[in-house]
Protein chains: 2
Amino acid sequence: MTEESTSRDAAAAPPSGKERRAGARPTLADIAQAAGVTRMTVSNALNGRGGVSDDMRERIREIAREKGYVTNWVAKKLSDSRSGSETGIIGVIAEIHTPFMGEVVSAISGAVRDQGRDMLVYSLPDPGKSFPGNVLDLLLHAVDGVIAVIPRDTRDFHMLAAAGVPMVVVDPLKETIDMPSVAADSYGGACCAMRHLIELGHRKIAFLAGEARRLSAQERLRGYRDVLREAGLAYRAEYVVEAGFLPEPARPATEGLLALDDPPTAIFAGNDASALSAISTIEQAGLSVPEDISVVGFDDVSLASQARRGLTTIRQPFADIGAAAVQLLLDLRAGDPEAATRHITLPVELIRRETTAPPRGDGLRR
Amino acid sequence: MTEESTSRDAAAAPPSGKERRAGARPTLADIAQAAGVTRMTVSNALNGRGGVSDDMRERIREIAREKGYVTNWVAKKLSDSRSGSETGIIGVIAEIHTPFMGEVVSAISGAVRDQGRDMLVYSLPDPGKSFPGNVLDLLLHAVDGVIAVIPRDTRDFHMLAAAGVPMVVVDPLKETIDMPSVAADSYGGACCAMRHLIELGHRKIAFLAGEARRLSAQERLRGYRDVLREAGLAYRAEYVVEAGFLPEPARPATEGLLALDDPPTAIFAGNDASALSAISTIEQAGLSVPEDISVVGFDDVSLASQARRGLTTIRQPFADIGAAAVQLLLDLRAGDPEAATRHITLPVELIRRETTAPPRGDGLRR
DNA sequence: CTGAAAGCGCTAACAA
DNA sequence: TTGTTAGCGCTTTCAG
C-alpha cells in the first residue's frame, strides 16, 4: 500500500473518522478491504469480468456473501451512464383497476419476460394530478422505455417523451395519436359484432358507448354507425348511451334502454365490463338474455367466459398486443427511424357464446 | 475563472474533446454554462433552496425549461445517499392478476397517496424464477420500503429484508410469518360465515379451500372446522375440496360436491373468485342459488355485488388494510423497534346479500 | 448571495 | 493478475 492515496481504500484505521454508520450497507470498498485487495478486483470478481484468479474470486464472493453485499444499483447506473447501457427494465404506466387493464398489463408482463427483461408498473394518481416529480424522474432514468396504457391524464406524459424516453402507447387517446401505438382493431371488431347481431335478425340495436377520449371507443361507435347504415337501418340517438366502459354507469344506461317505448332487442356494449353489467341489469328487470335481449361485449376478458352464460364478445389478442408493444418499444430504442411513427392495429375475432340469439318473434313486447 | 480547475465548468471550448453526445440529456453544468453561473447556483435555483436572487432564479428556470432539463434522479440519489434521505417512493411486490390483488393494490395505492408518497409495482415473474437482479437492486436502492402481497415465491424475498429494506407483508404466507404483516381476520370471518349458514338451518356445509400456503386460507379452514365442532356437526372430508382461491379449480371442485351421494346444502367458498365460479357451476347444473344451495364467499371484491344475485360474503376492509400496511412500513422505517414484530389483524364483516337462504324443506333431494 | 472542493459507489481504461 | 486514475451528475460544506 502506498501512502493512503485513495481516502477509503487505505482507511484501515478507524480513528480516521470515516466510521461507517451502523445500518449502512457494505460497499465495494468494505469488502475489498476485508479481502485485502482493491475495489476493482472485487468488482471484477463479482461481475465475472475475468482478470481474477479463481481462488480469489471464490474468496471474494464468500466475503461478499457473509457481509451481505449488494451492488448499489444507483452508483452502478450512474457510472454506466457513460457507456449508455440498458437497465433491462421497462416501465409501464397504467391503471390496474379494471379487468381490461389487468389483461393488458399481464400480457405486457409476459412479453417483457420473453425478452429477458423486467417490468415496473406505475399506476397513475388521481385524475387531474400530475405525475409526482420523484417517480417521473425515476422512470426517466431507471427504465429503458415506457409503455403507457392510460385512460386519463396525459400532461406530463408528452414531457416524458420529450425528455427522450422511448415510449409507446397501448389503446391510445386522442391526445396521444402522435406517439407510436398498439391497439386492437376496434372498428373492425365493432363491425363484426354488429353484423353478427344483424345476421341474427336484430333491427333494434343499442350501443353502450365507452369513454369518449379513447380512440377505441370512438372507433367502436363508428363501426356501430357504419354497419347500421350499411344494413339500411336508421341511427337512433336514444339507442346510444354513455357507459364509460365501466360497470356502474352501464346499469342506469341499460335501465334507460329498457324503459324506452320501443326498446332494443339487442345491445352492443362497448366493452365486457359494461356488457356484463348490462346483462345483470336486464336479468334483474325480469328479462332474460339472450331470449329477450341479446348482448355482445368487447375485449373477451377472462371473466367473459366464466359467466353463467358465456358472453358473446370480440376477442382482443392481448398476448399479441403485449408482444407488439414491447417489440415496438425495443425498435424505438434501437433507433429504428420508422418505429417512431408506427401504429399497429391487431385483428380481433368474434367469439360466439351464449348471450346472443335471434330476436323473439315479433309477438312479444309491443 | 481561475485555471480550468474543474474539468467541465470551464470546458467552454469545444475542442476539448468533451463534446456532448447528441441524444444526451442536458446536465446542471450545461445550463449553468448557458446562464453564466456555477452548477450550484443552478441547483439552488431549481430546487428553491434560497441564496439566489429572484431575477437569477427566473432566468435559470427559463433556460432550464427551454433546454428541457430534468434532474438526473440517479445522480441526485447517489449524492443524497450521504444524508440518507427518502425517495418518497414505496415499492409494492404483487401479482396483479386476480381481483383480490387488484383491490389490495388499489387500496395501498390510495393509502400511499394519502401519505404524499408514490408507488411502484413490481409484478412477480413466473413461479420458481427468482427476482432478476436488476429489479431487485433497483428496488433495494430506489424505494423507501416494500409492501409485499405475494401468493408464491419468497426466496429472494427474505434477502430483500436482510439487505435492510423495510418490508411489510399483506396476507402473509407460512414462510413470511417472521415479517411484520397486515391481514384481515380470516378466522373470525370464516366463523362468521359458518354461523350465518348454520343459523339459516344448514347442516351440510362444504368448504372450497384456498391456497394452502397462505395463512388466510389456513385460518379460514380452521374457522370452518371450529364452527362445525361448536355446532356439533361432524367434519366430513368429502365436503372439503381444494379450489386454490381461483375460479378454474373451483368448477370441478363444485361439480364433485354436486355429484356426492349426499350433497351439501351450502358451500362456504374460501374467496369470492371461487364462490362466483361455484355459483355459475351450480346454475349450469340446473340448480339454483340460493334455493337449492346457498353460497357464501370471502373478500367482497367489487364484482361480488355486481353479480345478478349479489353474493353474500365476508367483507375485507381493503382501504384499512392498505392504510395499515403503509403506516406500518413508515413506522418500521422510522425505526420504531416494536414495529418489526407487529402483526395487524383487521376485523371483517358479513355482508348478507342474495346467495344464502334456509335450506329446502327436507323433502327435496334425498 | 455565489464559488470551489470533495465525495456518494461504481466502472472503464490504462499502467504495472 | 492486480492497482491507479478519472469521472458519471449532483449536493454538502466551507470560503469568498
Side-chain angles (χ1 to χ4, degrees), chain A residues 1-11 17-18 20-21 24-33 35-57 59-60 69-85 137 140-141, chain B residues 1-11 16-18 20-21 24-33 35-47 49-57 60 64 69-85 137 140-141:
Chain A
M1 298 208 176
T2 51
E3 44 157 68
E4 305 242 347
S5 49
T6 309
S7 62
R8 293 266 301 306
D9 282 359
K18 276 285 180 189
R20 224 150 187 41
R21 283 179 331 217
R25 277 191 262 277
T27 76
L28 263 194
D30 292 320
I31 98 115
Q33 185 187 321
V37 295
T38 23
R39 295 180 299 178
M40 271 321 297
T41 307
V42 178
S43 176
N44 288 330
L46 259 25
N47 295 308
R49 246 187 307 249
V52 186
S53 66
D54 289 351
D55 302 0
M56 190 43 118
R57 183 191 320 289
R59 173 131 172 279
I60 289 178
Y69 173 80
V70 198
T71 321
N72 183 326
W73 188 91
V74 175
K76 179 171 171 39
K77 180 74 172 69
L78 182 58
S79 178
D80 282 348
S81 67
R82 233 177 317 189
S83 33
S85 64
D137 288 351
L140 205 61
H141 294 277
Chain B
M1 297 206 176
T2 51
E3 46 157 72
E4 305 244 347
S5 49
T6 308
S7 61
R8 291 266 301 305
D9 281 1
S16 79
K18 276 285 180 189
R20 228 153 182 38
R21 281 178 334 217
R25 278 191 262 275
T27 78
L28 263 194
D30 293 320
I31 98 116
Q33 186 187 320
V37 294
T38 23
R39 294 179 300 176
M40 270 324 296
T41 307
V42 178
S43 176
N44 288 330
L46 259 26
N47 295 307
R49 247 189 307 254
V52 186
S53 64
D54 289 350
D55 302 358
M56 190 44 118
R57 183 191 320 289
I60 290 177
Y69 174 81
V70 196
T71 100
N72 183 324
W73 187 90
V74 176
K76 177 168 172 39
K77 180 74 173 72
L78 181 57
S79 179
D80 282 348
S81 68
R82 237 179 311 190
S83 35
S85 63
D137 287 350
L140 205 60
H141 294 275

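Bear in mind that the values here come from a model prediction, so they are computed numbers and not experimental data. Labels below follow one simple rule: chain letters A, B, ... track the order of the sequence lines, proteins then strands, and each chain is numbered from 1. Every heavy atom of this structure was used, including side-chain atoms; hydrogens, water molecules and symmetry mates were not.
- Rounded to whole angstrom, the span from the NE2 atom of H141(A) across to the P atom of dC8(D) amounts to 15 Å.
- When rounded to the nearest whole Å, the span between NZ of K76(A) and P of dC8(C) equals 19 Å.
- Atom CG of residue L28(A) and atom NZ of residue K76(A) lie 10.5 Å apart, to the nearest 0.5 angstrom.
- Rounding to the nearest 0.5 Å gives a distance of 6.0 Å between OG1 of T41(A) and CD1 of I60(A).
- As rounded to whole Å, 14 Å separates atom P of dT12(D) from atom CZ of R39(B).
- Taking atom CG of D55(B) as the reference point, atom C1' of dT2(C) lies 15 Å away to the nearest angstrom.
- Judged purely by atom type and a 3.5 angstrom limit, H141(A) has no side-chain atom pairing as donor or acceptor with the backbone of L78(A).
- Looking at R59(A), its side chain does come within 3.5 Å of a backbone N or O of A35(A) through a donor-acceptor pair.
- When the side-chain nitrogen and oxygen atoms of S43(A) are compared with OP1 and OP2 of dT11(C), one or more of them lie within a distance under 4.0 Å.
- Rounded to whole angstrom, the span from the CG atom of N72(A) across to the P atom of dC8(D) amounts to 18 Å.
- Within the nucleic acid shown, V74(B) has no heavy atom closer than 4.0 Å to any nucleic acid atom.
- Close to dT2(C), at under 4.0 Å from its OP1 or OP2, lies no side-chain N or O of T38(B).
- Whole-Å rounding puts the R82(A) CZ to dC14(C) P distance at 12 Å.
- Under a 3.5 Å cut-off, the side chain of S83(B) and the backbone N or O of S85(B) do not form any donor-acceptor pair.
- If you check every strand for non-hydrogen atoms under 4.0 Å, N44(B) touches nothing.
- For dC8(D), the OP1/OP2 oxygens have no side-chain nitrogen or oxygen of K77(A) closer than 4.0 Å.
- Summarising the geometry, the separation between CG on L140(A) and P on dC10(D) is reported as 12 Å, rounded to the nearest angstrom.
- If you check distances only, the side chain of S79(A) does reach the base of dC10(C) with a donor-acceptor pair under 3.5 Å.
- If you measure from atom CG of L78(A) to atom P of dA6(D), you get 18 Å, rounded to the nearest angstrom.
- Where S53(B) and D80(B) each meet DNA chain C at their nearest nucleotide, the meeting point lying more 5' is that of S53(B).
- If you find the closest nucleotide of DNA chain D to M40(B) and to A75(B), the one lying nearer the 5' end belongs to A75(B).
- Counting any heavy atom pair closer than 4.0 Å across all strands shown, R49(B) reaches sugar-phosphate atoms only and no base atom.
- Residue Y69(A) has a polar side-chain atom (N or O) positioned under 4.0 Å from OP1 or OP2 of dC10(C).
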